[in-house]
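Okay, so here's the structure we're looking at.
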Amino acid sequence: MRAVLVLLLALVLVGCTQAVPGRGVAADLRPPAPAVVPPVADAGSAATAVTAAVEGFWRTEFPASFGQPWDDIRTLLPVSPGEGTPPCVQDLSEVADQAYYCPAADAVVWDAAGLVPDLFAQFGHVGVVVVLAHEIGHAVETRLGLDEAQARDPDAYPTILLEAMADCYTGVVVRRFSDVPVPGLPIGTAERDAALRTLVGFRDPLGVAAGDEGAHGNAFDRVSAFRAGYDDGATRCAEMTVPERGFTQVRFGSAADQARAGDLPLRDLLAAIGVDAREWATELSGVAGWTAPPLTTDACPEAAAQGPARLCATADPLAEGAVDVDLAALAPLHTGLGDFAGATLVTGRYGLAALRAAGSPVEGVEAGHAAVCLAGAYSGQLLVAPVDFRLSPGDLDEAVQVLLADDWAARDASGRADPTEHGYERVARYEDGLRGGPAVC
C-alpha cells in the first residue's frame, strides 16, 4: 500500500593437491566452487538483506529501463512497539501488521515486530521479499512521476492500478533474484510459488470491486501483475493501464451470494457446474452430434491418479463416458479453499473430454497443459457472457489457490503431469486460457 494502509553456515570447499614424488601434477585451472550461503536465519536479517538488495537492484535497473538515475530512498524504517511515531501516520498503532510507502517523506516503513516475523514464519524469506519489494515498487512509481500523473487524472491512475504496478515491479525483483542469486535470499521454484501465495494472502476482501477507492486487487489480478513483471520486465510495469489490465474483481451479485460468501454447497456446485461445463465442452469440441459426458460421483475409481476430478476411460472417444469426481477428495478442497477450486478441476476434465471427442490426445504433457488452459478458458467466458452459472467474488482466487496447491489440474487422462512445471506455470497457463480463450490452448 502507499500512504494509506495496504499492505548463512557458509560451507567453502577448498581443494588441496599434493605432488607425488617423481610425477608432475597439472595445475587445476577450474574456478573454485562458490561458497554455499544458506538462507537468512531470521525475520530481521531478512528485512535488512531484502531492502539492501532491492534498492541495490534498482540502482542499476532503473537507469537501464527508464534512462533516469536512481535516487536512494530517504528512509527505510522498521518499527516496533514503544518506538516513536513513523512518517505519515498519526500513531504507531496504525503500522501494526502493515507496511507502506509514503511519497511525501520518501519512506518505506514496516512492522518489524508483527508483520515481518509472520511473513517469515509462513512463507520464508521470500514473503519478506514480496512485501518490501512491493513497497519499494511504489517508490519506483514516485520516481517515474506517477504521483503527479494521478493528481492530474485520478480516473486513469486509480489505486488498484498503482498497486498492480507495484506487484509487477515485485515480479521484476523476484525474477532478478532468481536469475542472479542474492546471498541469503535464494529464489527457486518453491520460493517463486511461495511468492504467489504471499500475494494471495494480501488480496482484497470479498466484494470489493476494482473501482472502489483503496482497492488493491483480488489474488488473481495481483498474481497476474506479478507475472507480467517476472516474465516481461520493468518497462512492462510502467506501461500498465486500467483497460489493459482488465481487472476481474466484482461485487456480489445478490444478497444470497454474499450471505454464503460466494460459495455454493458442494452438491449444489456439482449440479450447476455439471450442466454448464457440459454444455460448454459440447460446443468446444466442434463435433457434430457429440454431447459431453455427464458429471458423476465415484464412478471410475480406476482413474484416481488424475486427482479429485477425472475423465473416465472409454474405448470410443465419441462414447459418452463420464467426467467424475471423488467426493471424499473434493470435499476438503471445497471447505478449505472454496467452491471454485473444485470447479476448476472439473472444467479441466471437461476440456479433456472435448479434446478426446475431437480426436486430440488426452495423454501426454501437452494434454495436461491444455487441461489447465481450457479450465481458464471456461472461466474467461463466465467473465464476459455469464448465463446461468456466474462467477462470484473470490472464485478466481480459489482457482489460483488450487493451482498452487497441487498439479491435479495439469494431469493428463493417465494421471501424469509435466514434472518440469510448478504452480507458477499452472497459474500462467490458466490465465492465458482465461484471457485468450480456447484458441490459445
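Note that the structure is a prediction, hence the values are computed from the model and not measured.
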- Pairs flagged by salt bridge (Lys or Arg N to Asp or Glu O under 4.0 Å) wherever residues 336-353 is involved - sequence neighbours left out: none
- The residue among Arg426, Arg411, Arg429, Arg416 that forms salt bridge (charged side-chain N to carboxylate O under 4.0 Å, His left out) with Glu421 is Arg429
- Query: Can you tell me if Thr282 uses its side chain to pair, donor with acceptor, with the backbone of Arg278 under 3.5 Å?
  - Reply: yes
- Does the side chain to side chain contact (heavy atoms under 4.5 Å, CB included) test come out yes or no for Leu196 and Val400, once each step is laid out? CA-CA 9 Å; Leu196 300 189; Val400 168; 5.8 Å; no
- Test item: side-chain donor near acceptor, Ser45 and Asp42, under 3.5 Å: yes
- Query: Just how far is it from atom CD1 of Ile136 to atom CH2 of Trp58, taken to the nearest 0.5 Å?
  - Reply: 10.0 Å
- Task: Begin with the C-alpha distance, continue with both residues' side-chain angles, and end with the deciding distance and a verdict on side chain to side chain contact (heavy atoms under 4.5 Å, CB included) for Cys373 and Val440.
- Result: CA-CA 8 Å; Cys373 184; Val440 305; 3.9 Å; yes
- Query: Quick one: CZ on Phe252 to CD on Gln258, what's the gap to the nearest 0.5 Å?
  - Reply: 5.5 Å
- Message: Would you say that Leu355 contacts Leu374 through its side chain, given a criterion of any heavy-atom pair below 4.5 Å between the two side chains?
- Response: yes
- Closest non-hydrogen atom pair between Asp221 and Gly246, with its separation: OD1-O, 4.4 Å
- What do you reckon, is CD of Gln68 surrounded by more than 12 foreign heavy atoms closer than 6.0 Å? yes
- Query: Between His125 and Glu191, is any pair of side-chain heavy atoms under 4.5 Å apart?
  - Reply: yes
- Separation of Asp407 CG from His422 NE2 (nearest 0.5 Å): 10.0 Å
- Exercise: identify the closest heavy-atom pair between Glu363 and Ala413: CG-CB, 4.2 Å
- Message: Distance check, rounded to the nearest 0.5 Å: Cys168 atom SG versus Asp232 atom CG?
- Response: 8.0 Å
- Message: Quick one: does any side-chain atom of Gln306 pair with a main-chain N or O of Leu311 as donor and acceptor, under 3.5 Å?
- Response: yes
- Check whether any side-chain heavy atom of Asp72 sits under 4.5 Å from a side-chain heavy atom of Arg59, and report yes or no. yes
- Query: Got a donor-acceptor contact below 3.5 angstrom from the His334 side chain to the Leu264 backbone?
  - Reply: yes
- Message: Under the criterion side chain to side chain contact (heavy atoms under 4.5 Å, CB included), I'd like the reasoning laid out for Glu135 against Trp110: C-alpha separation, chi angles, the key distance, then a yes or no.
- Response: CA-CA 9 Å; Glu135 301 308 333; Trp110 63 92; over 6 Å; no
- Can you tell me if Gln150 uses its side chain to pair, donor with acceptor, with the backbone of Asp147 under 3.5 Å? no
- Decide if atom CD of Glu213 counts as having more than 12 heavy atoms of other residues, nucleotides or ligands within a radius under 6.0 Å. no
- Task: Compute whether any side-chain donor of one residue and acceptor of the other, for Glu163 and His134, lie under 3.5 angstrom apart.
- Result: yes
- Query: If only atom types and distance count, is the side chain of Thr51 paired as donor or acceptor with the main-chain N or O of Ala47 below 3.5 Å?
  - Reply: yes
- Exam field: side chain Glu55 to backbone Ile73, donor-acceptor pair closer than 3.5 Å: yes
- Short question: side chain of Asp257, backbone of Ser254 - any donor-acceptor pair under 3.5 Å? no
- Message: Given 3.5 Å as the limit, does a donor-acceptor pair link the side chain of Asp263 with the main chain of Gly338, or not?
- Response: no
- Do you know the tightest heavy-atom contact between Gly342 and Leu330? CA-CD1, 3.6 Å
- Working to the nearest 0.5 Å, report the span between CZ of Arg435 and CD of Glu431. 4.5 Å
- Item | Pair Tyr350-Asp276, side-chain donor/acceptor within less than 3.5 Å | no
- Query: Is Pro308 close to Val325 at the side-chain level, that is, under 4.5 Å between some pair of heavy atoms?
  - Reply: no
- Of all the heavy-atom pairs spanning Asp167 and Ala225, show the shortest one and how long it is. CB-CB, 3.9 Å
- Message: Looking at every heavy atom in both Gly137 and Ala166, which two are closest together, and how far apart are they?
- Response: C-CB, 4.4 Å
- Student check: side-chain heavy atoms of Tyr378 and Thr344 closer than 4.5 Å: no
- Item | Flag, side chain of Asp324 to backbone of Asp298, donor-acceptor distance under 3.5 Å | yes
- Query: So do Val95 and Tyr100 actually touch side chain to side chain, heavy atoms under 4.5 Å?
  - Reply: yes
- Does Ile160 reach the side chain of Arg245, with side-chain heavy atoms less than 4.5 Å apart? no
- Query: Is there a side chain to side chain contact (heavy atoms under 4.5 Å, CB included) between Asp418 and His369 once you walk through the steps?
  - Reply: CA-CA 8 Å; Asp418 185 345; His369 293 173; 2.9 Å; yes
- Sequence neighbours excluded, every pair satisfying salt bridge (Lys or Arg N to Asp or Glu O under 4.0 Å) that has a member inside residues 203-212: Arg203-Asp397, Asp212-Arg251
- Message: Is it the case that the side chain of Gln249 and the backbone of Val208 share a donor-acceptor pair, with hydrogens and angles ignored and the cut-off at 3.5 Å?
- Response: yes
- Task: Give the minimum heavy-atom separation between Ser65 and Ala234, together with the two atoms involved.
- Result: OG-CB, 3.7 Å
- Output for pair (Leu434 CG, Gln381 CD), nearest 0.5 Å, gives 10.0 Å
- Query: Among side-chain atoms of Asp106 and Thr142, is any donor-acceptor pair under 3.5 angstrom?
  - Reply: no
- Message: A quick test of your reading: do over 12 heavy atoms of other residues, nucleotides or ligands sit less than 6.0 Å from OH of Tyr424?
- Response: yes
